[in-house]
Amino acid sequence: MRVLADITVAAPAAEDETPPRGAPVPTGAEPVLGALLRAWRERALVTQEELAARAGLNVRTVRRLEAGALSRPRATSLRLLAEALGLEAAELAALTRAATGTAIELTVTLRYVEEPGD
């Protein structure tokens with residue numbers, strides 16, 4: 001069985017704003033850049049190698065981003081990855097914010113997919 005994550009990006013709420021009823025409750029543990037990138041890559045059903053090829057980047061760059069080993073990724077690399085993954089504007093903004101360490105509000109839905117032979 002494989003787990004895939006669907007990530008929905010919400011606009012950051014103002015601090016004095018009360019979240020609407022039924023809205024996701026912030027946990028204070030927002031995913032880091034690597035977790036976001038990996039979740040969106042898995043949603044696209046591509047390997048690190050395939051993503052690197054689509055984005056025109058070295059696979060080592062993708063691996064290091066997902067592992068959190070790059071502290072300051074280039075904006076160009078993030079844009080190329082977003083294009084290769086087909087991210088929406090809000091998702092690219094979240095990826096960029098995560099790269100700068102800015103807090104983001106996300107909803108993560110895990111899907112369990114049975115693979116042949118499970």
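Since we're looking at a predicted model, the values are computed, not measured.
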Hey, can you pull the donor-acceptor pairs under 3.5 Å for the side chains in residues 56-63, sequence neighbours left out?
residue: N58; atom: OD1; partner: R60; partner atom: N; Å: 2.7
residue: R63; atom: NE; partner: Q48; partner atom: OE1; Å: 3.3
residue: R63; atom: NH2; partner: E49; partner atom: OE2; Å: 2.6

Interatomic spacing from CD in E66 to CD in E42 - rounded to 0.5 Å: 7.5 Å
List the atom pairs, donor and acceptor, that lie under 3.5 Å between side-chain atoms in residues 74-85 and the rest of the protein, sequence neighbours left out.
residue: R79; atom: NH1; partner: E83; partner atom: OE2; Å: 3.2

From L92 atom CG to L87 atom CG, the distance as rounded to the nearest 0.5 Å: 7.0 Å
